[in-house]
Every structure is written in structure tokens, then in C-alpha cells.
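Shown next, in C-alpha cells, is the structure this report addresses.
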There are 2 protein chains.
Amino acid sequence: MAIGKKRTNNPDGMRRRVLDVAEDTFQARGYHASSLGDLMAAAGVTGGALHHHFPTKKALALAVIEERVAAAVRETWIDPVLAAPSAREGVRAVFEAVAEELEQQGYVRGCPLNNLAHELSLADDEFRLALARIFADWRRAIADKIRADQLGGGESAIDPERYAALTVAAYSGAMSMAKTSQDAGVLRECLKGVESFALSPPQGRLKRRRRVLPRPKVR
Amino acid sequence: MAIGKKRTNNPDGMRRRVLDVAEDTFQARGYHASSLGDLMAAAGVTGGALHHHFPTKKALALAVIEERVAAAVRETWIDPVLAAPSAREGVRAVFEAVAEELEQQGYVRGCPLNNLAHELSLADDEFRLALARIFADWRRAIADKIRADQLGGGESAIDPERYAALTVAAYSGAMSMAKTSQDAGVLRECLKGVESFALSPPQGRLKRRRRVLPRPKVR
DNA sequence: CTCAAAACAGGATGATTATCCTGTTTATAA
DNA sequence: TTATAAACAGGATAATCATCCTGTTTTGAG
């Protein structure tokens, strides 16, 4: 350390700075491709400080998952959907907001939850369970919102769990493709698909009705 | 080498054995977590032989992507869907076949394409483009099949590209959740969602109808 | 048969990396 | 003030890893 320099302990701030950098780097390069040396340099943190707050790389990643990834899903998905007038409108708003944000920033880094889920789910059961919990909370929030809409009379009798599962899956898969093609357009495409599901009448009626409809002429 | 032992050159077989092991290990542990030493031991191949066929680890992964992952998507998705009586029936058959296979083997390793796409898309543009091509072929096959169904009069006027995008996204996302929860049930749930999309009326009519609906009362 | 290239063997190497360890400084409770 | 633990510094270390290199064996063309 430079002579004459004073030091001020700031454990919370230092922990936060490390998590900031780790969240960002794990998202951009993945867990295994991010070295602690890189993180230390980017965060301006020494090895001693890093090791003090996070004794192992796994502990750091676990903190990123439980504190940052979970919060990201909450902030971009759960809270907006719960605050929306309806589940359908909330889902549409999130899809469109994310698509627009990605198009403005010009590149797609993917969904932080899915990125880490793919890399770490099979590597370690603690990772897997922490990630699975976030998926479950995400789906439960959407299903709960659908149920609330149905109680209010504003939603058809679709299966809430099914709608939630399809929505999360469609978003996750669309982000996967968007990341691979570096094009957020597929998000909008998949949103339209999910919306048509949300608006379709319940399964039993649908099947019966379809029999009666005349075959559409195409081309 | 042991004295008196003869050696038989078998370049194709050795290349295939390396690719077999690499495909399997990359799928189970990912690219960065798989060391060439592990691969060499598992394949029973020396460093010299490995380096002769694949000068770098990246070259090996590229071969896995272009030869094995592309073939896996073709065999489990493209060919069955194209061979099915209709796109919808083909999609349903694939979802159910995969779900059943996963339930029988008792664990979920995820979709090889999505696994590598998440880990490698941002790492290297060559990786990314090779993976994007596979996604594109996958979607195109489904869209083409829908168009064929429509020409035959057996499919409603849904947008083929939209149906393909939603199907691939729903499958990819469902596999992501199945892998994280180690439970293939979500695949069946998402299949039902996609099926109801396939049966819903075309988008234009839908949108117009929506305007007329009264706003749902929430809380 | 000859010989050049392909196929393979196996160790060397340098770079990277996560973890640990020994100190030093700062804060806090008594 | 003093003692004790927390907070931080910074280098050591041992293991790992991808690549490279030198040498040997096999193969096939001419």
C-alpha cells in the first residue's frame, strides 16, 4: 500500500462492489470463464478482501444467484406482472420492455437466470436448487396473477400453471435464440404466440369448436 | 507403448471416438469445465492424436457443434416433424418422446444446442454463428411443415414463422427448467400450451376481438 | 522397395487459476 | 485505553490446463 494513505473499512460497500462486478462478468462471460483475478482487477479489490467476504468462488456465485439474479427476475418480471392490470398485460409489457431495451443497447447478453442455469445446474446441486427456486418463484407469481384475474372475472378458464410455464419457457427460449442470433426480434414473435394462447378459450371448448369451423382456404 | 505391440492407424475411428466423448462431456459438464485431459483419458487417446485431429479445443468444439449438435437436432426434431402427418402432430410426438425418454433415464441433461449456445454464444463469434445456424434450420423446418400443412388444407392460417419460433422457444425454455428442476414434467405442460396456440384462430381476428372486450376488474 | 506424408505417442512448458497464508490496519466493545 | 475481532493487503503455492514439440510408426503412392 502507498505510504501515508489511510484506509477506511467498508465491508458492505466492498461486498457490494464485488457482487456488482461478479454479476456483470458472470452474465457476460459465464462462471467458468470468469477468473477471480479478473474480478479482483475489475472491482479494484485485493485477494484478501475477496477471500474475506467470499471464501470460495462457489460462495461468490451462490451469492450472485441468491441476491442478484433473484432480484433481477423480481424486478424485471415478478413485480411488473403483479403490478399490471392483468397477467396478460403484464407479460406483454415485460416482453416489449425487454425487447426494446435490447434493441436500444444493440446486443443481447441473455437472461441471467438461464445463462447460469445452463452452466451450473448439473455442476453442483446447491447451484441447481438455488436456481430452481428462482424459476419456481417466477412461475408462481404469474400463475397467482392469472388466478387473481380469474377471480375478478377478467380472465378465461385457462390453467394458471400452464400459462405460467409456457410464458416462462417461451421467454427463456426466446432469449436463448435472441442471444445466439444477437437479434431481439424473436422475443416479439414469441410474445405474439404467447398472447394468442392467453386469449384462446379453454381447452375443452376449443377442441369442440374447432370441429365445427370450416377449413380455412390458404393461398 | 508396450513392447511388441503393433499399432493400427485408424484416423476416422479415432476422430469419431474423440467426438463421441467430447459431445457427451460438453453436454454433461459444459465446454469450459471439460478439460482436454479428461477427454483424452475418457476416449483413450493420446495428446498427439488429439492434437493431430483437432489442433485446438475450439476446433474440437466447433466440430462437435457442426457435426454432432446439428445432427442431434436433425434426428430428434427436424426429421420427425417433417415425417409426421402434420406439424402439430410432429411437435407433439417429439415433446412426448423426449419427456418420456427423460423420465425413463431419471435425469435431465438439457438440450445440447441450448447448453452450448448459452455458454459459447458470447465467447466467440464463430461459435455463435454455428449455433445460430442450427436454431435457424430448426425453425425453418417447422415453419416449412406448417406451410405444407396449410397448402394441404389441414392447418389454419397461423403464421408459420411465429408458430415455429414459439415452438422452439417453448421447448428450449421448458428444457431449461426441466434441467434446473431435474423434472421433465414441465415439458408436457408447455406442450399443452403450444398445442392450444396451434389451435387458436389467426391473429388478425384475435386483435380486433380484443378491443371489444371489457376491461377486467382487478382487486 | 522407397520415401514422403499422415497418424500417432508422450512428455515439456508456460500460463492461468483458485485457494491459502501471514501480516497489518481498522473498528468496536468493555 | 485496551483488547479482540473484523476487515483488508498482498504474495505464495500447488494444481490444472491448453498447447507445443520432438520423435516414432504406419500408410500409400510411384
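For clarity, every value in this text was computed on a predicted model and none was experimentally measured. Convention: sequence-line order gives letters A, B, ...; per-chain numbering from 1.
Taking atom CG of A:Asp38 as the reference point, atom P of C:dA18 lies 8 Å away to the nearest angstrom. In this structure, B:Asn10 places its CG atom 19 Å from P of D:dT25, rounding to the nearest Å. Nucleotide D:dC17 holds its P atom 12 Å from the CE atom of B:Met40, rounded to whole Å. Between the CG atom of B:Asn9 and the P atom of C:dA7 there is a distance of 8 Å, rounded to whole Å. Between the CG atom of B:Asp12 and the C1' atom of C:dA6 there is a distance of 12 Å, given to the nearest Å. The NE2 atom of A:His32 sits 19 Å away from the P atom of C:dT16 (whole-angstrom rounding). When the P atom of C:dC20 is taken as reference, atom CG of A:Leu50 falls 12 Å away, rounded to whole Å. We find that NZ of A:Lys57 is positioned 19 Å from P of D:dA15, with the value rounded to whole Å.
Residue-level contact check: A:Ser35 touches the backbone only, with heavy atoms under 4.0 Å from sugar-phosphate atoms and none from bases.
Look at A:Arg128 and A:Asp125 and you find a salt bridge, because one of the NZ, NE, NH1 or NH2 atoms lies within 4.0 Å of a carboxylate O, short of that distance. Salt-bridge check for B:Asp20 with B:Arg17: failed, with every basic side-chain N at 4.0 Å or more from each acidic carboxylate O.
Out of D:dG10, C:dC8, D:dT19, the shortest distance to the side chain of A:Thr46 is found at D:dG10. If you check C:dT19, D:dT27, D:dC8 against the side chain of A:Ala49, the one that comes closest is D:dC8. When distances are taken from the side chain of B:Leu36 to each of D:dA18, C:dC8, D:dC8, the shortest belongs to D:dA18.
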* Go through the steps for A:His32 and B:His32 under the test ring-ring contact (aromatic ring centres under 6.0 Å, His included), then give the verdict. => CA-CA 6 Å; A:His32 286 104; B:His32 286 104; 7.4 Å; no
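Phosphate proximity of D:dA6 to A:His53: absent, as no side-chain N or O sits under 4.0 Å from OP1 or OP2. Contact check, A:His52 against D:dA7: a side-chain N or O comes under 4.0 Å of OP1 or OP2.
Each of B:Gly44 and A:Gly37 was assigned the nucleotide of DNA chain C with the nearest heavy atom; the assignment lying further toward the 5' end belongs to B:Gly44. The nearest heavy atom of DNA chain D to A:His51 and to B:His51 marks one nucleotide each, and the one closer to the 5' end goes with A:His51. Nearer the 5' end of DNA chain D, as judged by each residue's closest nucleotide, is the contact made by A:Met14, out of B:Gly47 and A:Met14.
Between the side chain of B:Glu189 and the backbone N or O of B:Ala174 there is no donor-acceptor pair closer than 3.5 Å. With hydrogens and angles ignored, the 3.5 Å screen pairs a side-chain donor or acceptor of A:Thr180 with a backbone N or O of A:Ser176.
Judged by atom type and distance alone, B:Arg7 reaches the base of D:dT25 through a side-chain donor-acceptor pair under 3.5 Å.
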